[in-house]
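Data block below; observations after.
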Amino acid sequence: MEQKRVMLTVAYDGTAYSGYQIQENAPTIEGELHRALGALLEEDVKITGGSRTDAGVHALCNVAVFDTQARMPAEKMAYALNRYLPDDIRVRKSCAVAADFHPRHCDSRKTYEYRIMNTEFPVPTKRLYSHFTYVPLDADRMREAAGYFVGEHDFKSFCSAGSQVKSTVRRIYALEVRQEGEEIILRVTGNGFLYNMVRILAGTLMETGRGAWEPAYMADILAAKDRKAAGPTAPACGLCLVAYEFMP
């Protein structure tokens, strides 16, 4: 029977999970996908994920690929898989891809949004999908600071200690800061992100927004290439992967 490679586009609420990547004795997005695929296809498939999001992080469009000998058409698998998945995980699309396609080995652009509820009291309906702070934040200062991160830079200061990567150089195509009522939204697009990079960027911009640093100090943080120079790692609940594009 001929084998084919299938790509899934997956959305999930990460609140109840210990991240994307499968772990022993902990619920994960990949673990649920593996269980559902096994039940549907009666195969022990190996799943390769695109973005290995952290515990509590959400996604609208993460990707996963796997090989199968199943007769079922690739585009029909999304409908069938969702019957085996919990309500907080949904496959939004399934399609066949080239046999050598690997989501982490091709040029792509990822876009994340980080949401901040900047109000006197928390909003219960936003608590799982945004970070609350009562400290007043100046969105204009945050917007000015964000400009220093656009372009290709060494983001070593924005990578959690212990991460093992060959290079800490990444390209940021856009980093927008917009305010919608009491919510401040950071939207960042790049060719890849280091471990906790977006959450550290968010924490650093919030420090600037509250007046702890001048926007121009972002250049010094980049130049330091030292995690201790940047701001805190913002909580996971405010982060969501909102777009994932593969370059031709």
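In what follows, residues are counted from 1 in the order of the sequence shown.
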* Are any non-hydrogen side-chain atoms of Cys159 and Asn196 less than 4.5 angstrom apart? -> no
* Asked: Transitively linked via ILVMFWY side-chain contacts under 4.5 Å: Val10 with Ile47?
  -> yes
* Between Phe158 and Phe149, does the ring centroid distance fall short of 6.0 Å? -> yes
* List for me each residue that meets ring-ring contact (aromatic ring centres under 6.0 Å, His included) alongside Tyr173, sequence neighbours excluded, and say none if there are none. => none
* **Working for side chain to side chain contact (heavy atoms under 4.5 Å, CB included), residues Arg227 and Ile200** => CA-CA 9 Å; Arg227 173 65 188 92; Ile200 299 169; 3.3 Å; yes
* Do the side chains of Glu182 and Asn118 get nearer than 4.5 Å, heavy atoms only? -> no
* Asked: Does Arg199 reach the main-chain N or O of Thr233 with its side chain, forming a donor-acceptor pair under 3.5 Å?
  -> no
* Asked: Does a side-chain heavy-atom distance below 4.5 Å link Cys95 with Glu75?
  -> no
* **Stepwise side chain to side chain contact (heavy atoms under 4.5 Å, CB included) check, Leu201 with Leu186** => CA-CA 9 Å; Leu201 284 168; Leu186 315 179; over 6 Å; no
* **Closest non-hydrogen atom pair between Ser94 and Ala74, with its separation** => OG-O, 2.5 Å
* Asked: Can any side-chain N or O of Glu207 pair as donor or acceptor with the backbone N or O of Trp213 at less than 3.5 Å?
  -> no
* Please report the C-alpha distance between Leu137 and Met142 in whole Å, then the side-chain angles of each, then the deciding distance to 0.1 Å, and finally whether the side chain to side chain contact (heavy atoms under 4.5 Å, CB included) criterion is met. => CA-CA 8 Å; Leu137 299 177; Met142 295 170 70; 4.1 Å; yes
* **Within one Ile-Leu-Val-Met-Phe-Trp-Tyr cluster: Tyr244 and Phe193, side-chain cutoff 4.5 Å** => yes
* Report the distance from atom OG of Ser160 to atom OH of Tyr195, rounding to the nearest 0.5 Å. => 6.0 Å
* Gln179 CD to Asp138 CG distance, which is reported to the nearest 0.5 Å -> 8.5 Å
* Taking atom CZ of Arg92 as the centre, report whether more than 12 heavy atoms of other residues, nucleotides or ligands fall under 6.0 Å from it. => no
* Structure fact -> Separation between CG (Asp220) and CG (Leu222), nearest 0.5 Å, reads 9.0 Å
* From Met72 atom CE to Met77 atom CE, the distance as rounded to the nearest 0.5 Å -> 6.0 Å
* Would Phe66 end up clustered with Tyr84 when hydrophobic side chains under 4.5 Å apart are linked, directly or stepwise? -> yes
* **Flag for Asp154-Thr168: side-chain donor and acceptor within less than 3.5 Å** => yes
* Asked: Is there a donor-acceptor contact under 3.5 Å from the side chain of Asp67 to the main chain of Lys46?
  -> no
* Test of ring centre spacing under 6.0 Å for Tyr134 and Phe121 -> no
* To do: Apply the test side chain to side chain contact (heavy atoms under 4.5 Å, CB included) to residues Ile185 and Glu180: give CA-CA distance (whole Å), side-chain angles for both, the deciding distance (0.1 Å), then the verdict.
  => CA-CA 8 Å; Ile185 303 165; Glu180 297 180 359; 3.6 Å; yes
* Partner of Leu85 by side chain to side chain contact (heavy atoms under 4.5 Å, CB included), out of Asp87, Asp88, Ile89 -> Ile89
* To do: Check whether any side-chain heavy atom of Arg109 sits under 4.5 Å from a side-chain heavy atom of Met247, and report yes or no.
  => yes
* First locate atom OG1 of Thr28, then atom CG of Leu33, and finally report the distance between them rounded to the nearest 0.5 Å. => 8.5 Å
* Do the two ring centres, one from His58 and one from Tyr129, sit under 6.0 Å apart? -> yes
* Asked: Do Glu32 and Pro86 have side-chain heavy atoms sitting under 4.5 Å apart?
  -> yes
* Any side-chain donor-acceptor pair under 3.5 Å between His105 and Asp100? -> no
* To do: Evaluate whether atom NZ of Lys110 has more than 12 neighbouring non-hydrogen atoms of other residues, nucleotides or ligands under 6.0 angstrom away.
  => yes
* **Check ion pair Arg141-Glu214 (N to O, under 4.0 angstrom)** => yes
* Same apolar cluster (I L V M F W Y, side chains within < 4.5 Å links), Val198/Tyr17 -> no
* Taking C-beta and beyond as the side chain, do Pro235 and Tyr114 meet within less than 4.5 Å on heavy atoms? -> yes
* Close side-chain approach of Glu144 to Met218, heavy-atom, < 4.5 Å -> no
* Taking all atoms of both residues into account, what is the closest heavy-atom pair of Leu194 and Ser167, and its distance? -> CD2-O, 4.0 Å
* Would you confirm whether Lys4, through its side chain, and Ala70, through its main-chain N or O, come within 3.5 Å as a donor-acceptor pair? => yes
* Any side-chain donor paired with an acceptor under 3.5 Å for Ser51 and Tyr112? -> yes
* To do: Please answer: with hydrophobic residues joined when any side-chain heavy atoms are less than 4.5 Å apart, are Val45 and Val63 in the same cluster?
  => no
* Asked: So do Tyr12 and Thr53 actually touch side chain to side chain, heavy atoms under 4.5 Å?
  -> yes
* Asked: Backbone N or O of Val57 within a donor-acceptor pair of the Asp54 side chain at under 3.5 Å?
  -> no
* Has Arg104 got more than 12 heavy atoms of other residues, nucleotides or ligands less than 6.0 Å from its CZ? -> yes
* Asked: Would you call Glu183 and Arg115 a salt bridge, using N to O less than 4.0 angstrom?
  -> yes
* Asked: With no hydrogens and no angle check, is any side-chain donor or acceptor of Asn191 less than 3.5 Å from a backbone partner on Arg171?
  -> yes
* Answer with yes or no whether the side chains of Tyr20 and Asn62 bring together a donor and an acceptor at under 3.5 Å. => no
* **Over all atoms of both residues, closest heavy-atom pair of Ala224 and Ala229** => CB-CB, 3.7 Å
* Could you grab the distance from atom CD1 of Ile172 to atom CE of Met197, nearest 0.5 Å is fine? => 4.0 Å
* Would you say Asp226's side chain and Ser157's backbone share a donor-acceptor pair under 3.5 angstrom? -> no
* Does a side chain donor of either Glu245 or Ser108 reach within less than 3.5 Å of an acceptor in the other side chain? -> no
* Residues Glu30, Arg35: salt bridge by 4.0 Å N-O rule -> no
* To do: For a side chain to side chain contact (heavy atoms under 4.5 Å, CB included) with Thr111, tell me which candidate from Val188, Thr189, Leu60, Leu241 qualifies.
  => Thr189
* To do: Can you label the angle between the Phe246 ring and the Phe101 ring as parallel, tilted or perpendicular, going by 30° and 60°?
  => perpendicular
* Take atom NZ of Lys225 as the centre, draw a 6.0 Å sphere, and report whether it contains more than 12 heavy atoms from other residues, nucleotides or ligands. => no
